[in-house]
Each structure stands twice: as C-alpha cells, then as structure tokens.
Amino acid sequence: CKDLGFNVYFQTVVGDNSKRLYDCLDLAFKRGADCVITTGGLGPTTDDLTKELSAQYLGLEMVYHEKEAEKVYKKCCYITGNSQIPENNFKQAYYPKDAYILENMMGTANGCIMHKDEKMIINLPGPPKEMTYVVEHSLIPYLKQYKQDKIYTFEYTTMFIGESQVDEVLRDIIEKQ
C-alpha cells in the first residue's frame, strides 16, 4: 500500500466470526477509511463469510457467475484429480453485483473488489501464496488507477546504536515530515 501511495491507518485481526467482521468493517468506515482490505474467508466452507458479509455491509446483491463456476470446477478437478467435486465449492462463484474479480491462479478462491458510494472493500484469499499472487498480478494493476502522487521513501539502516541516538541523528528529518 505504501509503495502505491496509500496510507494504512489501522490493522485488525478478526477470526471467522460474522458479527466481529461486520463490526470491524463498520468501525473502519466510521473512522474514515476509504478502503478496507481483507484476507481470508473466501473459500467454500460455511465459516468462509468474508465476501458475503462485505457485500451485505455495502448493501450489494450477491450474484452467481457461471464463468467463475466453470473455473472453480476445473481448478478443483485439477487439484483433486477427480471429476466430481463437493457442491459447496460453487459457493466461490458468487460475487457482489458489479464486483471486479481478482483472478487467483494459485487456488480456487478468487478475490474481488466491491464499491458503493465512497466505500471500497477488497477481499483477498487467505493462504499467503495465493494472497501474494493475487496482490501482485491482479490487485496492484487495478489500484494503479487510484495512484495520484509519487512518494519517495528513504531507508536508514543502523547498527550498534540505541534508539535515543537514532532519534538525535534523524531528528531534523523526522521533524520536516
């Protein structure tokens, strides 16, 4: 987010609990967030509710995408080597109406971006390999349209000096931010 020029103000960990997730979305937007990014909860099981709760929070209808269902079927068949897959896998073919789908070539659960009014929610898959792939190949290209300014950052590496001395050395730089 920093490299794209976006500020991150809060990070929260929420388990697979629908009320807490909904409350966290509400709190984030009440605090003034333009965008909330979630990871996890996009799979086929009953506790995977992130996409549905995000859509519910924004008041968006969930719609079934036949094309996405075909992708889920093919991926599941490839992974399992079996042509019959549990029906609950097709839960992953539902997306909020007009959502932008973030393709996940590393797993079955694609991410998505949904908007309403001035609010955006981005749902990313939870497994780190999948989430990283989706961010690099789908999300970053999408978010570049929102990038307005270039941000230059500097990295300082210190060794063998304490925090108080680092503060003295960098004080003028810190105060000019």
Side-chain angles (χ1 to χ4, degrees), residues 1-16 18 20-22 24-45 47-76 78-79 89-153 155:
C1 288
K2 179 186 75 168
D3 291 343
L4 289 170
F6 301 110
N7 292 315
V8 177
Y9 292 107
F10 302 100
Q11 294 180 24
T12 304
V13 176
V14 181
D16 292 328
S18 57
R20 284 190 296 234
L21 175 56
Y22 192 91
C24 282
L25 291 171
D26 193 45
L27 179 61
F29 287 115
K30 283 181 177 174
R31 286 179 170 175
D34 300 315
C35 177
V36 173
I37 300 173
T38 67
T39 59
L42 305 182
T45 61
D47 63 336
D48 289 321
L49 296 170
T50 303
K51 189 172 33 173
E52 293 84 350
L53 287 169
S54 298
Q56 180 184 341
Y57 181 82
L58 294 178
L60 301 173
E61 173 189 2
M62 295 291 286
V63 293
Y64 186 77
H65 290 249
E66 191 64 44
K67 182 178 175 184
E68 294 303 316
E70 290 173 25
K71 290 179 190 176
V72 167
Y73 176 74
K74 288 178 182 176
K75 288 177 182 180
C76 288
Y78 177 77
I79 291 167
N89 280 292
F90 295 106
K91 176 185 175 208
Q92 298 170 101
Y94 283 90
Y95 291 91
K97 188 174 183 186
D98 299 322
Y100 180 85
I101 297 172
L102 300 168
E103 192 68 38
N104 176 7
M105 298 302 292
M106 306 305 272
T108 59
N110 287 334
C112 68
I113 301 171
M114 58 189 88
H115 300 88
K116 184 162 184 190
D117 302 324
E118 299 296 315
K119 296 178 176 112
M120 177 191 300
I121 299 177
I122 299 170
N123 296 149
L124 298 172
K129 180 176 71 172
E130 295 179 33
M131 190 257 321
T132 301
Y133 178 89
V134 171
V135 166
E136 290 173 355
H137 294 90
S138 298
L139 181 59
I140 288 174
Y142 178 88
L143 288 178
K144 284 185 177 179
Q145 67 183 306
Y146 295 100
K147 188 175 179 177
Q148 296 177 6
D149 297 318
K150 286 187 179 180
I151 294 179
Y152 298 95
T153 61
E155 187 173 306

Open item on the list: Would you say that more than 12 heavy atoms from the other residues, nucleotides or ligands in this model lie under 6.0 Å from the CD of Gln145, or not?
Closed with: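 Enclosed.
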Open item on the list: A quick test of your reading: do over 12 heavy atoms of other residues, nucleotides or ligands sit less than 6.0 Å from CE of Met105?
Closed with: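 Open: at most 12 neighbouring heavy atoms sit under 6.0 Å from CE of Met105.
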- [ ] Check the angle between the aromatic planes of Tyr22 and Tyr57 and answer parallel, tilted or perpendicular using the 30° and 60° thresholds.
- [x]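 Ring orientation, 0 to 90° scale: perpendicular.
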Task: His137 and Tyr133 aromatic ring geometry - parallel, tilted or perpendicular at 30°/60° bounds - done: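 Correct class here is parallel.
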[X] [atom1] to [Y] [atom2] distance, which is reported to the nearest 0.5 Å:
{"X": "Asp26", "Y": "Leu21", "atom1": "CG", "atom2": "CG", "answer": "11.0 Å"}
{"X": "Asp98", "Y": "Leu60", "atom1": "CG", "atom2": "CG", "answer": "8.0 Å"}
{"X": "Met131", "Y": "Leu139", "atom1": "CE", "atom2": "CG", "answer": "10.5 Å"}
{"X": "Glu118", "Y": "Asp34", "atom1": "CD", "atom2": "CG", "answer": "7.5 Å"}

For the residue pair [X] and [Y], what are the closest heavy atoms and their distance?
{"X": "Ala55", "Y": "Met62", "answer": "CB-SD, 3.6 Å"}
{"X": "Glu52", "Y": "Asp48", "answer": "OE1-O, 3.5 Å"}
{"X": "Ala69", "Y": "Phe90", "answer": "O-CE2, 3.5 Å"}
{"X": "Lys119", "Y": "Leu58", "answer": "CB-CD2, 3.8 Å"}

Are side-chain heavy atoms of [X] and [Y] found at a separation under 4.5 Å?
{"X": "Ser54", "Y": "Pro96", "value": "no"}
{"X": "Cys1", "Y": "Ile37", "value": "yes"}
{"X": "Leu42", "Y": "Asn104", "value": "no"}
{"X": "Ile121", "Y": "Met114", "value": "yes"}
{"X": "Asn110", "Y": "Tyr95", "value": "yes"}
{"X": "Leu102", "Y": "Ile122", "value": "yes"}
{"X": "Lys71", "Y": "Gln92", "value": "no"}

Measure from the side-chain N and O atoms of [X] to the backbone N and O of [Y], and report whether any donor-acceptor pair falls under 3.5 Å.
{"X": "Lys51", "Y": "Tyr94", "value": "yes"}
{"X": "Lys75", "Y": "Gly107", "value": "yes"}
{"X": "Thr108", "Y": "Val72", "value": "no"}

Open item on the list: Salt bridge check, Lys67 against Glu70: does any charged N sit closer than 4.0 Å to a carboxylate O?
Closed with: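 Lys67 and Glu70: not salt-bridged.
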- [ ] Report yes or no: is the cationic atom of Arg31 (NZ for Lys, CZ for Arg) under 6.0 Å from the centre of the six-membered ring of Phe10, at an angle within 45° of the ring normal?
- [x]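 Yes; both conditions hold, so Arg31 lies above the ring face of Phe10.
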